[in-house]
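Note sheet for the following structure.
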Amino acid sequence: MTSPRPAPSRVFAERTLAESGQLALFLEAQRATLRATLDGLTEDEARARLVPSLTTVLGLVKHATFLQVVWYGEAVTGTPRTELGQPDTVDDSFALGPSDTIASVLADYDRAGAVAREVEAAYAADHVVSGHRLGPMTLRWIQLQVLRELAQHNGHADILREQLLAAREPRPAGGAPGSRLLMITGPIAAGKSTLAAEVCRLLRASGRSVALTDLDTVAEMALPTLPSWDQAHAIHAQLVGAWCATDIDVVVDEGTSTPEEVRQVRDRLPAGIPIFHVVLIADYDASLTRALGDPGRGLSKDPDFLRADHDAYARHLPDLPGSWRLEVEGRMPADLAAEVLQRFGA
């Protein structure tokens, strides 16, 4: 059985423990503190890249799982880290996949911490292990190394978290320039364009400057000779990034429908851009009715084509990162837009 995570304040309350107990307490405090940096963050905030590297709050916690598996798993048992479910390199341990969420990363982190506590309880500090690439080392050395790394990454995560929370505050008049991105993802004929247009109308009516980026509009620039939709997606992502690099208040983007398309846009964003990502949930039959009633639509009116798109979207949905899932059926666009902006904080 593993012991519960103690509050960091216990480090100051328990000052006369033996070496092993004191070291274990400091390690638990660092584990708990790093875990807490994700408290209250949205999925988008946890994944937000505020620096040029892959360092994000969620990525730091994922890396902390990696380092504990390496030091308490590979080093102790000799089992290669890749066979323990971890990447081979440190850099890759910060990378987030489409299926990584706060809940899933924390679950892995907690499992790694539980294994670490079991190892610490099973061996004396002077016990020597030799499974790591560096060669033999004592458990004490492993504990000190993990303590050093956790403390370092706690500092990184704390600074990133402070920036993320500060970005939630409204920008005062005359403050530093910067944009916010409101991203709308959904299947074909879910009402993305209608919702985005209404959101823009309300934002502009409130005095905000707004840029609306739309994948279909980008593609239409090259129709009927569009070389490929891949090129349209690439140019669309560049356009979103370019607008986010200006001092416009809000960039509203619509057109993505897969985790890869979302990633492509995110990769083009300037560091530190706050993102609110709305993922639409739409009914196929209602979407078909909307498509058939839109004279500007072509192939998307075909029931088989639309069904294939909605089926693909349903498969991708669990892996789509997002701040909020929004059910669109049975509600007016104006009501949906008002709720989006309320959650967006505008």
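- In this structure, the side chain of Glu45 engages the main chain of Thr42 through a donor-acceptor pair within 3.5 Å.
- The distance from the NE2 atom of His156 to the NE2 atom of His63 is 9.5 Å, given to the nearest 0.5 Å.
- Distance CG/Leu203 to CZ/Arg180: 9.0 Å, rounded to 0.5 Å.
- Salt bridge annotation for Glu43-Arg47: absent, with no cationic side-chain nitrogen under 4.0 angstrom from a carboxylate oxygen.
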Go through the steps to decide whether Arg111 and Asp108 satisfy the test salt bridge (Lys or Arg N to Asp or Glu O under 4.0 Å), and finish with yes or no. CA-CA 5 Å; Arg111 280 191 289 270; Asp108 290 341; 2.3 Å; yes

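- Not one N or O on the side chain of Ser179 forms a donor-acceptor pair closer than 3.5 Å with the backbone of Asp247.
- Tested against Leu139, the residues Val128, Val119, Leu144 include a single side chain to side chain contact (heavy atoms under 4.5 Å, CB included) partner, Val119.
- A chain of hydrophobic side-chain contacts below 4.5 Å, direct or via other Ile, Leu, Val, Met, Phe, Trp or Tyr residues, connects Leu134 to Val76.
- Classification of Asp158 and Arg161 as a salt-bridged pair fails, no side-chain N sitting under 4.0 Å from a carboxylate O.
- Nearest heavy-atom pair, Met183 versus Thr256, reported as atom, atom and distance to 0.1 Å: CE-CG2, 4.0 Å.
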Give the intermediate values and the outcome of side chain to side chain donor-acceptor pair (under 3.5 Å) for residues Asp253 and Thr213. CA-CA 5 Å; Asp253 176 58; Thr213 55; 2.7 Å; yes

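- Side chain of Glu329 to main chain of Ala282: no donor-acceptor pair is present (N/O by atom type, distance under 3.5 Å, no hydrogens or angles).
- Residue Ser93 comes nearest to Phe66 through the heavy atom pair CB-CG, 3.4 Å, listed as atom of the first residue, atom of the second, then distance.
- Side-chain atoms of Asp88 and Thr82 include no donor-acceptor pair closer than 3.5 Å.
- Shortest non-hydrogen contact noted between Gly191 and Leu280 is C-CD1, 4.5 Å.
- To the nearest 0.5 Å, atoms CD (Glu149) and CG (Leu67) are separated by 4.5 Å.
- No single ILVMFWY cluster, assembled from side-chain heavy atoms under 4.5 Å apart, contains both Ile159 and Leu150.
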Test Val240 against Cys244 for side-chain contact (heavy atoms from CB on, under 4.5 Å), laying out the working first. CA-CA 6 Å; Val240 177; Cys244 286; 4.3 Å; yes

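- Leu165 and Leu160 fall within the same hydrophobic cluster, where Ile, Leu, Val, Met, Phe, Trp and Tyr residues are linked whenever their side-chain heavy atoms come under 4.5 Å apart, directly or through other members.
- Here Tyr109 contributes atom OH and Leu38 contributes atom CG; the two are 9.5 Å apart, rounded to the nearest 0.5 Å.
- One N or O on the side chain of Arg325 and one on the backbone of Leu317 form a donor-acceptor pair closer than 3.5 Å.
- In terms of heavy-atom proximity, Gln143 sits nearest to Leu27 at O-CD2, 3.6 Å.
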Run the numbers on Val278 and Thr185 for side-chain contact (heavy atoms from CB on, under 4.5 Å), then give the verdict. CA-CA 6 Å; Val278 182; Thr185 293; over 6 Å; no

Donor-acceptor contacts under 3.5 Å from residues 214-224 side chains, at least two apart:
from	atom 1	to	atom 2	distance (Å)
Asp214	OD1	Asp216	N	3.0
Asp214	OD2	Thr217	OG1	3.2

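- No donor-acceptor contact under 3.5 angstrom links the side chains of Thr79 and Glu74, judged on distance only.
- Contact check on Asp100 versus Lys62 returns a salt bridge, with a Lys/Arg side-chain nitrogen under 4.0 Å from an Asp/Glu carboxylate oxygen.
- Applying the ring-ring contact (aromatic ring centres under 6.0 Å, His included) rule to Trp243 yields no partners; only residues at least two apart in sequence or on another chain are considered.
- The environment of Glu162 atom CD is sparse: at most 12 non-hydrogen atoms of other residues, nucleotides or ligands sit within 6.0 angstrom.
- Looking at His153 and Phe94, their side chains come closer than 4.5 Å, going by heavy atoms from C-beta outward.
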Pair Gln145, Met137 - check side-chain contact (heavy atoms from CB on, under 4.5 Å), show working. CA-CA 11 Å; Gln145 171 65 11; Met137 59 191 64; over 6 Å; no

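- Put simply, the side chain of Pro333 reaches to within 4.5 Å of the side chain of Thr194, judged on heavy atoms.
- Between Leu34 and Ala64, the closest heavy-atom pair is CD2-CB, 3.4 Å.
- Annotation: side chain of Tyr313 is not in contact with side chain of Asp311 (no heavy-atom distance under 4.5 Å).
- Side chain of Lys192 to backbone of Glu254: no donor-acceptor contact under 3.5 angstrom is found.
- Connectivity analysis of hydrophobic side chains (ILVMFWY, heavy atoms under 4.5 Å, direct or indirect) links Leu292 to Ile188, Tyr284, Leu288, Leu299, Phe305, Leu306.
- Residues Val57 and Ala157 come closest through the heavy atom pair CG2-O, 4.2 Å.
- In this model, a donor atom of one side chain and an acceptor atom of the other lie less than 3.5 Å apart for Ser206 and Arg208.
- Remark: Glu28 CD to Arg35 CZ distance equals 11.5 Å, nearest 0.5 Å.
- Inspection of the Asp249 and Ser209 side chains reveals an N or O donor paired with an N or O acceptor under 3.5 Å.
- Rounding to the nearest 0.5 angstrom, the gap separating the OG1 atom in Thr55 from the CG atom in Leu50 is 10.0 Å.
- Looking at heavy atoms from C-beta onward, Val340 lies in side-chain contact with Trp324 at the 4.5 angstrom threshold.
- Both Val90 and Val61 belong to a single network of hydrophobic side chains, linked directly or stepwise wherever heavy atoms of I, L, V, M, F, W or Y lie under 4.5 Å apart.
- By the ring-ring contact (aromatic ring centres under 6.0 Å, His included) test, His316 pairs with no residue at all, sequence neighbours left out.
- Chaining together hydrophobic side chains whose heavy atoms lie under 4.5 Å apart places Val69 alongside Leu84.
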Salt bridge (Lys or Arg N to Asp or Glu O under 4.0 Å) between Arg201 and Glu198, intermediate numbers included: CA-CA 5 Å; Arg201 186 188 71 79; Glu198 181 63 16; 2.7 Å; yes

For Val279 and His277: C-alpha separation, side-chain torsions, deciding distance, then whether side-chain contact (heavy atoms from CB on, under 4.5 Å) applies. CA-CA 6 Å; Val279 177; His277 188 182; 4.0 Å; yes

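- Counting only residues at least two apart or on different chains, the side chain to side chain donor-acceptor pair (under 3.5 Å) pairs with a member in residues 259-275 are Asp44-Arg266, His233-Glu261, Ser257-Glu261, Glu260-Arg263, Arg263-Asp267.
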